[in-house]
Amino acid sequence: MRVVAGEHGGRKLKSLPGDNTRPTSDKVKGAIFNRIGPYFNGGTVLDLYGGSGNLAIEALSRGCDHAVCVDRHYKAIMIIKENAALLKLEKRMTILKSHAQQAMTQLSEQSYEFDYVFLDPPYAEETIEKDIRQLLALELLTPHAQIICETDKQVMLPERIEEMVVSKDVIYGQTKITYYEREQKQ
């Protein structure tokens with residue numbers, strides 16, 4: 001696993017050993033960022049199921065200002081911290097060991113707003129619809145925020161979750177990426 005492009009393009013990242021996590025492949029990550037970027041002039045990112053910090057670090061490498069990585073597992077938090085240190089990104093990252101719902105409440109209390117949100121919950125715990133509703137209720141999204149969801153290709157997410165609508169979904173092997181944006185008012 002590596003950073004695909006930007007300031008840290010080509011740099012290798014550490015990942016969690018074993019098969020309890022599924023790091024986003026470089027191919028899928030490249031496709032995601034080609035769709036939402038590919039480069040950024042600032043912005044804030046939330047990776048709610050951080051794993052290795054792979055997606056947040058890619059966003060920082062491509063020009064986002066700050067990223068928040070959340071994971072509830074100690075080993076994942078340690079890998080995210082190691083990857084942040086490896087690329088000297090500690091000052092541009094906030095790393096929280098927490099359950100997703102608790103982290104969203106904490107971030108709301110700190111007045112965070114996010115331009116890009118990555119939702120890649122463990123497949124056995126599909127909580128994407130609930131997460132998006134909480135992001136909206138807590139006003140954690142900027143007006144032009146994009147939410148990028150990674151699921152198994154069999155998972156069918158709703159076309160609409162409140163004012164967020166699917167702008168595109170793409171299948172890569174066993175993985176489906178679904179993009180949500182706010183519905184454009186006519």
Side-chain angles (χ1 to χ4, degrees), residues 1-40 42-100 103 114-128 131 146-155 157 168-180:
M1 182 175 62
R2 63 186 177 88
V3 179
V4 176
E7 177 185 357
H8 301 288
R11 298 285 303 271
K12 289 191 179 282
L13 296 174
K14 295 181 178 189
S15 64
L16 288 160
D19 43 356
N20 289 338
T21 61
R22 317 160 267 92
T24 303
S25 73
D26 292 345
K27 174 188 170 190
V28 172
K29 186 169 49 170
I32 289 169
F33 282 92
N34 284 337
R35 167 131 173 92
I36 67 170
Y39 295 95
F40 308 103
T44 306
V45 176
L46 171 61
D47 190 350
L48 202 51
Y49 300 90
S52 64
N54 183 16
L55 293 170
I57 289 169
E58 187 73 31
L60 293 173
S61 181
R62 292 173 183 248
C64 283
D65 296 319
H66 191 81
V68 176
C69 280
V70 177
D71 206 289
R72 67 182 184 189
H73 298 290
Y74 175 78
K75 288 180 180 176
I77 292 298
M78 297 315 298
I79 291 289
I80 295 168
K81 287 180 177 180
E82 285 181 42
N83 283 330
L86 183 70
L87 301 177
K88 298 181 178 25
L89 292 171
E90 300 97 331
K91 291 182 177 162
R92 294 174 57 198
M93 293 181 76
T94 300
I95 302 167
L96 300 174
K97 183 186 178 304
S98 176
H99 287 273
F114 297 98
D115 300 291
Y116 306 97
V117 177
F118 296 103
L119 298 178
D120 181 12
Y123 287 164
E125 300 176 25
E126 293 298 345
T127 62
I128 289 173
D131 291 341
Q146 296 182 61
I147 301 174
I148 302 92
C149 308
E150 184 172 340
T151 61
D152 183 86
K153 72 177 184 178
Q154 306 299 327
V155 173
L157 294 173
K168 185 174 182 120
D169 59 11
V170 184
I171 294 175
Y172 303 93
Q174 293 299 311
T175 300
K176 183 193 288 186
I177 304 296
T178 305
Y179 301 88
Y180 281 94

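Note that this is a predicted model, so its numbers are computed, not measured.
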J.: Looking only at heavy atoms, which two atoms of A31 and Y172 are closest? And how far apart?
T.: CB-OH, 3.1 Å
J.: Dump the intermediate steps for side chain to side chain contact (heavy atoms under 4.5 Å, CB included) on K97 and D71, then the final yes or no.
T.: CA-CA 5 Å; K97 183 186 178 304; D71 206 289; over 6 Å; no
J.: Roughly how far apart are L46 CG and H66 NE2, rounded to 0.5 Å?
T.: 10.0 Å
J.: Which distance, rounded to the nearest 0.5 Å, do you find between the CG of L119 and the CD1 of I128?
T.: 5.5 Å
J.: Ignoring hydrogens and angles, tell me if any N or O in the side chain of D115 forms a donor-acceptor pair with the backbone of T44 under 3.5 Å.
T.: yes
J.: When rounded to the nearest 0.5 angstrom, what is the spacing between OH in Y116 and CD1 in I148?
T.: 8.0 Å
J.: Where do D120 and Y49 come nearest, in terms of heavy atoms and distance?
T.: O-CB, 3.4 Å
J.: For residues M1 and D26, report the shortest heavy-atom separation together with the two atoms involved.
T.: CA-OD1, 4.0 Å
J.: Run the side-chain donor-acceptor check on residues 2-14: report pairs under 3.5 Å with partners two or more places apart or on a different chain.
T.:
unit_1: R11; atom_1: NH2; unit_2: L86; atom_2: O; d: 3.3
unit_1: K14; atom_1: NZ; unit_2: E82; atom_2: OE1; d: 2.8

J.: Check whether any side-chain heavy atom of L60 sits under 4.5 Å from a side-chain heavy atom of V45, and report yes or no.
T.: no
J.: With the side chain counted from C-beta on, respond yes when C69 and L96 share a heavy-atom pair under 4.5 Å apart, and no when they do not.
T.: no
J.: Can you check side chain to side chain donor-acceptor pair (under 3.5 Å) on Y180 and D169, steps first, answer last?
T.: CA-CA 9 Å; Y180 281 94; D169 59 11; over 6 Å; no
J.: Keeping the roles fixed (side chain from R62, backbone from F40), state whether a donor-acceptor pair exists under 3.5 Å.
T.: no
J.: Considering only heavy atoms from C-beta outward, does the side chain of K176 approach that of V170 to under 4.5 Å?
T.: no
J.: Tell me whether the centres of the aromatic rings in F33 and Y39 are closer together than 6.0 Å.
T.: no
J.: How long is the straight-line distance from CD of Q146 back to NZ of K168, given to the nearest 0.5 Å?
T.: 12.5 Å
J.: Check whether any side-chain N or O of N83 sits under 3.5 Å from a backbone N or O of S52 as a donor-acceptor pair, and report yes or no.
T.: yes
J.: Could you check whether any side-chain heavy atom of M93 comes within less than 4.5 Å of a side-chain heavy atom of V68, counting everything from C-beta outward?
T.: no
J.: Considering only heavy atoms from C-beta outward, does the side chain of T24 approach that of E150 to under 4.5 Å?
T.: yes
J.: At their closest point, which heavy atom of A56 faces which heavy atom of D47, and how far apart are they?
T.: N-OD2, 3.8 Å
J.: Could you list the residues that satisfy ring-ring contact (aromatic ring centres under 6.0 Å, His included) with Y179, not counting sequence neighbours?
T.: none
J.: State, to 0.1 Å, how close I95 and A84 come at their nearest heavy-atom pair, and which atoms those are.
T.: CD1-CB, 4.4 Å
J.: Counting distance only, does the side-chain N/O of R92 pair as donor-acceptor with the main-chain N or O of C64 below 3.5 Å?
T.: yes
J.: Under 3.5 Å, which donor-acceptor pairs do the side chains of residues 73-80 form with other protein atoms, sequence neighbours left out?
T.:
none

J.: Is any side-chain heavy atom of C149 closer than 4.5 Å to a side-chain heavy atom of L157?
T.: yes
J.: Quick one: closest heavy-atom pair of I171 and K153, and the distance?
T.: CG2-CB, 4.0 Å
